[in-house]
Amino acid sequence: MDSLERAMRAVYETAQSTNVAAERELEALGLTFATAQALWAIDPDREPPAMKELATKLHCNASNLTFVSDRLVDRGLVERRESEHDRRSRVVTLTAEGKRVRKLAIAALKRASPLAGCSSTELKAIAKSLSAHGL
C-alpha cells in the first residue's frame, strides 16, 4: 500500500469510526449522521446557505439534501425560506432548537472522533494539510 492509499484509508476510517462511535448519542438527539452533518454545515454566525450551496458543502445532490432537510424541518430544527437576495433561491436557517441540537451534535461527534486523542499540534498539522488541498 503506497502513502496516498494509506492516507486515504486513514481519512476514511476516521470518518467511519466517528460515525459509528457517535451513533447512539446522535440517535438520542433524533439525528442520523447525515442530518447531524447537515446541521453542522449550517453556521449560525453566517448568512443562511442556499440549498444548492448546502448540497455542495455536503457533497450530495439536491434530492438527497431535500430528503435530509425535510427530516430537519419535521423536527423543527431548520426552516427553508425564500432568499432575501434571490427570490428564486431557498435558504436553510437554524431554529433556536436547531442551534441547541447542533451544538450537542458537534460535541458528540468531537467526543467520538479518533482525532480527539491527538495533541493540539497534531490537530493543527492535520487541519493545515487537508485545508491546503481545498478541504
Side-chain angles (χ1 to χ4, degrees):
M1 187 181 307
D2 64 24
S3 296
L4 176 57
E5 189 175 345
R6 275 196 307 277
M8 289 172 60
R9 182 46 118 183
V11 169
Y12 173 80
E13 290 297 332
T14 298
Q16 293 298 31
S17 64
T18 299
N19 182 6
V20 169
E23 187 173 20
R24 280 200 173 129
E25 280 191 79
L26 295 178
E27 190 175 277
L29 294 169
L31 300 173
T32 62
F33 190 68
T35 54
Q37 289 297 317
L39 282 180
W40 196 341
I42 305 169
D43 185 340
D45 297 325
R46 299 186 138 203
E47 283 287 316
M51 291 284 286
K52 184 175 182 177
E53 176 188 347
L54 191 55
T56 299
K57 273 184 167 179
L58 295 170
H59 305 281
C60 68
N61 62 39
S63 64
N64 285 346
L65 180 58
T66 298
F67 177 80
V68 169
S69 64
D70 282 348
R71 305 291 77 71
L72 296 171
V73 168
D74 291 346
R75 290 269 329 279
L77 302 177
V78 302
E79 296 175 344
R80 285 184 300 238
R81 61 179 180 216
E82 198 174 82
S83 170
E84 295 176 8
H85 307 293
D86 180 357
R87 292 182 180 227
R88 297 170 295 168
S89 180
R90 309 251 323 144
V91 297
V92 183
T93 61
L94 293 168
T95 63
E97 179 66 359
K99 289 176 186 178
R100 185 188 76 78
V101 172
R102 179 184 185 272
K103 283 182 184 178
L104 295 172
I106 291 171
L109 290 164
K110 287 168 65 175
R111 279 190 299 277
S113 175
L115 296 176
C118 293
S119 71
S120 178
T121 302
E122 290 169 323
L123 292 170
K124 286 177 185 174
I126 293 166
K128 181 179 179 181
S129 178
L130 293 174
S131 296
H133 299 284
L135 301 174

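A quick note: this is a predicted structure, and the numbers were derived from the prediction, not measured.
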*Asks:* Around atom CD of E23, are there more than 12 heavy atoms of other residues, nucleotides or ligands at under 6.0 Å?
*Replies:* no
*Asks:* Working note: R100 + E97, criterion salt bridge (Lys or Arg N to Asp or Glu O under 4.0 Å); need CA distance, chi angles, decisive distance, verdict.
*Replies:* CA-CA 5 Å; R100 185 188 76 78; E97 179 66 359; 2.8 Å; yes
*Asks:* With a cut-off of 6.0 Å (strictly less than), are more than 12 heavy atoms of other residues, nucleotides or ligands near CD of Q16?
*Replies:* yes
*Asks:* Give a yes or no answer on whether the side chain of Q37 reaches the backbone of A34 with a donor-acceptor pair at less than 3.5 Å.
*Replies:* no
*Asks:* Side chain to side chain contact (heavy atoms under 4.5 Å, CB included) with R80: which residues, sequence neighbours excluded?
*Replies:* M51, S69, D70, V73, R90, V92
*Asks:* Can a donor-acceptor pair be found, under 3.5 Å and without considering hydrogens, that links the side chain of T66 to the backbone of A62?
*Replies:* yes
*Asks:* When you measure from the side chain of R88 to the backbone of E82, do you find a donor-acceptor pair of N or O atoms at a distance under 3.5 Å?
*Replies:* no
*Asks:* Would you confirm whether T18, through its side chain, and T14, through its main-chain N or O, come within 3.5 Å as a donor-acceptor pair?
*Replies:* yes
*Asks:* Determine whether T32 and L26 make a side-chain contact, defined as any pair of heavy atoms from C-beta on separated by less than 4.5 Å.
*Replies:* no
*Asks:* Using side-chain contact (heavy atoms from CB on, under 4.5 Å) as the criterion, point out the one residue from L29, L77, L104 that pairs with L39.
*Replies:* L77
*Asks:* Count I, L, V, M, F, W, Y as connected when their side-chain heavy atoms are under 4.5 Å apart, and connections chain through other members. Are F33 and V20 then in the same cluster?
*Replies:* no
*Asks:* Under the 3.5 angstrom rule, does the side chain of S83 hit a backbone N or O of V91 as a donor-acceptor pair?
*Replies:* no
*Asks:* If hydrophobic clusters are built from ILVMFWY residues whose side chains come within less than 4.5 Å, do L115 and L130 share one?
*Replies:* yes
